[in-house]
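For reference, the structure discussed in these notes is given below.
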There are 2 protein chains.
Amino acid sequence: MITLSEENYLKAIYHLGKQGAAAVSTNAIAEKIESKASSVTDMVKKLADKNLAHYIKYQGVSLTNDGRLAAALVVRKHRLWEVFLVEKLNFSWDEVHDVAEQLEHIKSQKLVNELDAFLGFPTHDPHGDPIPDKDGNYAPIKSVNILELEIGSEGVLSLVKDSSDVFLKYLNKNNLALGDVIKVLDFEPFDDSVTIQTKNKQIIISKEVAKNLYLSQ
Amino acid sequence: MITLSEENYLKAIYHLGKQGAAAVSTNAIAEKIESKASSVTDMVKKLADKNLAHYIKYQGVSLTNDGRLAAALVVRKHRLWEVFLVEKLNFSWDEVHDVAEQLEHIKSQKLVNELDAFLGFPTHDPHGDPIPDKDGNYAPIKSVNILELEIGSEGVLSLVKDSSDVFLKYLNKNNLALGDVIKVLDFEPFDDSVTIQTKNKQIIISKEVAKNLYLSQ
DNA sequence: ATATATTTTTAGACAAGTCTAAAAATTATA
DNA sequence: TATAATTTTTAGACTTGTCTAAAAATATAT
Ligand SMILES: [Mn+2]
Ligand SMILES: [Mn+2]
Ligand SMILES: [Mn+2]
Ligand SMILES: [Mn+2]
């Protein structure tokens with residue numbers, strides 16, 4: 001049995017492991033999970049004892065196959081619940097995260113799979129993140145960050161990397177939503193801001209914002 | 001903030017308080033919650049400290065208004081989730097309890113109220129139990145136990161008091177479900193068993209079974 | 001290569017929730 | 001009403017998950 005706390009650590013390691021090196025550092029986990037390095041060390045030992053993580057003192061952590069599957073299944077639940085909240089319960093995309101953080105820990109195979117079916121087997125959550133299947137797999141992400149595009153190129157906004165409500169409210173305020181067609185008009189060398197066009201309107205977005213927007217096609 | 005454990009104790013006291021005396025005994029709570037009397041004593045002190053329960057040493061426990069509302073809201077969530085699982089996710093009535101035990105602790109006002117609306121403001125759960133509203137109130141139960149009826153009287157099965165999967169599977173096996181029209185044909189004095197008719201079929205049910213079946217109209 | 005800064009681990013403490021065993025209070029019985 | 005049985009509480013211990021402060025290891029900079 002994997003506890004709620006263990007699940008949160010597995011998920012943190014899973015996410016940190018994606019965007020970076022093979023081994024994840026104690027401090028990185030502590031920051032992500034808003035705890036302290038010493039707590040992470042303790043927990044990581046437990047995960048290693050349960051064969052969910054590889055751990056070498058001072059060398060960082062990585063997930064075993066079992067650990068990665070367990071983490072992916074938590075992420076699967078998180079994202080399916082987010083879809084449920086938005087599609088069925090009138091939540092907006094900036095309201096779902098905290099509730100999904102609770103719902104992702106509910107233990108019931110049948111519940112997850114029936115929920116998946118009820119939602120029509122969605123492939124992405126309301127923020128464009130892919131939903132792992134029961135084996136923890138998902139289709140590779142094909143969208144590319146705005147900063148890597150050429151001037152004049154166009155695409156559909158299909159993933160926002162930051163799912164914090166502050167960022168999502170910013171997007172709401174600027175009338176930007178998943179599915180919008182966006183055209184890159186200019187890159188400003190001074191501050192790396194980007195001018196984009198969407199819905200016949202031009203707006204300038206900062207580098208920090210651009211870093212979180214991914215277009216496809 | 002009320003913890004998960006505190007919610008479970010509140011619920012136990014709430015349920016025990018209904019079908020009996022004003023003050024609930026330590027042992028009764030321990031049995032219901034499958035813990036030990038000493039654990040109950042500890043927890044009950046905490047509930048009293050938080051003004052959720054009235055507690056006098058050796059004299060038992062009862063809920064304050066705050067405690068009763070908190071308990072009713074947990075019960076509300078439990079029953080709404082049971083309806084969701086049966087109506088939307090193809091669970092049968094003997095599969096919902098354990099999952100609802102987890103879901104009832106999810107904290108989100110919006111979630112509960114949107115779920116309620118999504119389900120069409122149901123008044124009863126899949127076992128016929130009433131669903132409290134946001135103020136913890138529900139319409140008084142008007143159904144009456146089979147053992148209290150006269151021979152020849154007829155009614156609709158509208159509440160099963162025992163929601164354990166063993167009992168519900170027994171009902172499934174005997175093709176008895178909520179909404180069935182049932183007629184009382186005979187009471188056997190020897191063992192208090194009851195002969196009933198439903199769907200043009202006669203069956204004999206034991207006293208233990210009859211105690212859990214409530215008919216309305 | 002050595003000294004300094006940073007990261008990570010260890011040691012020890014604490015809160016929540018639980019348990020067993022013993023003591024105290026209440027209730028039942030003779 | 002005195003004694004026995006039962007219930008409830010207390011005392012002390014244990015687990016999980018967390019923290020702070022100090023020690024140890026690793027990384028960085030001269
Ligand atoms: Mn999320
Ligand atoms: Mn998301
Ligand atoms: Mn139930
Ligand atoms: Mn029920």
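A, B, ... follow the sequence lines: proteins, then strands. Residue 1 opens every chain.
The environment of A:Lys107 atom NZ is dense: over 12 non-hydrogen atoms of other residues, nucleotides or ligands sit within 6.0 angstrom. Atom NZ of B:Lys161 sits in a sparse spot, with 12 or fewer heavy atoms from other residues, nucleotides or ligands closer than 6.0 Å.
If you take CD1 of A:Ile56 and P of C:dT9, they are 11 Å apart, rounded to a whole angstrom. At whole-Å resolution of the value, NZ in B:Lys46 and P in C:dA15 are 12 Å apart. Atoms CG (A:Leu4) and C1' (D:dG17) sit 11 Å apart, rounded to a whole Å. In this structure, B:Asp49 places its CG atom 14 Å from C1' of C:dA16, rounding to the nearest Å. Protein atom CE of A:Met43 is 16 Å distant from nucleotide atom P of D:dT15, rounded to whole Å. Rounded to whole Å, the distance from CG on A:Leu47 to P on D:dT16 is 13 Å.
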Could you list all N or O pairs between the protein and nucleotides 23-27 of chain D that sit under 3.5 Å apart?
unit_1 : atom_1 : unit_2  : atom_2 : d
D:dA25 : O4'    : A:Tyr58 : OH     : 3.3

Contact list (N/O, under 3.5 angstrom) for nucleotides 12-14 of chain C vs protein:
none

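Closest contact between the side chain of B:Ser39 and the listed nucleotides C:dG17, C:dT8, C:dT18 involves C:dT18. Nearest nucleotide to the side chain of A:Lys45, out of D:dG17, C:dT10, C:dT18: C:dT10. Comparing atom distances between the B:Lys36 side chain and each of C:dT8, D:dT16, C:dT20 picks out C:dT20 as nearest.
Between D:dT16 and A:Tyr9, no contact under 4.0 Å exists linking OP1 or OP2 to a side-chain N or O. Taking only side-chain nitrogens and oxygens, B:Thr3 comes nearer than 4.0 Å to OP1 or OP2 of C:dG17. An OP1 or OP2 oxygen of C:dT9 is reached within less than 4.0 angstrom by no side-chain nitrogen or oxygen of A:Ser38. Residue B:Asn27 has no polar side-chain atom (N or O) positioned under 4.0 Å from OP1 or OP2 of D:dT6. Using a 4.0 Å cut-off, some side-chain N or O of B:Thr41 falls inside it from OP1 or OP2 of D:dT9.
For A:Arg68, the salt bridge (charged side-chain N to carboxylate O under 4.0 Å, His left out) criterion is met by no residue, not counting sequence neighbours.
Here salt bridge (Lys or Arg N to Asp or Glu O under 4.0 Å) pairs that include residues 164-173 of chain B, with residues two or more places apart or in two chains, are B:Asp94-B:Lys169.
Between the side chains of B:Asp162 and B:Ser164, at least one donor-acceptor pair of N or O atoms lies under 3.5 Å. Counted by atom type alone, B:Ser193 and B:Asp191 present one or more donor-acceptor pairs between their side chains at under 3.5 Å.
Within 4.0 Å of A:Ser5, counting heavy atoms only, lie sugar-phosphate atoms of the nucleic acid but no base atom.
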Return all side-chain donor-acceptor pairs below 3.5 angstrom for residues 30-48 of chain B, not counting sequence neighbours, or 'none' if the list is empty.
unit_1  : atom_1 : unit_2  : atom_2 : d
B:Thr41 : OG1    : B:Ala37 : O      : 3.2

Enumerate, atom names and distances included, each donor-acceptor pair closer than 3.5 Å involving a side-chain atom of residues 122-138 of chain B, sequence neighbours excluded.
unit_1   : atom_1 : unit_2   : atom_2 : d
B:Asp125 : OD1    : B:His127 : N      : 2.7
B:Asp125 : OD1    : B:Gly128 : N      : 3.1
B:Asp125 : OD1    : B:Asp129 : N      : 3.0
B:His127 : ND1    : B:Glu82  : OE1    : 3.2
B:His127 : NE2    : B:Trp93  : O      : 2.9
B:Asp133 : OD1    : B:Asp135 : N      : 2.8
B:Asp133 : OD1    : B:Gly136 : N      : 3.0
B:Asp133 : OD1    : B:Asn137 : N      : 3.0
B:Tyr138 : OH     : B:Lys18  : NZ     : 3.0

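B:Arg76 and B:Asp116 are joined by a salt bridge, as a carboxylate oxygen and a charged side-chain nitrogen come within less than 4.0 angstrom of each other.
Both tests do not hold together for A:Lys88 against B:Phe84: distance to the six-membered ring centre under 6.0 Å, angle to the ring axis within 45°.
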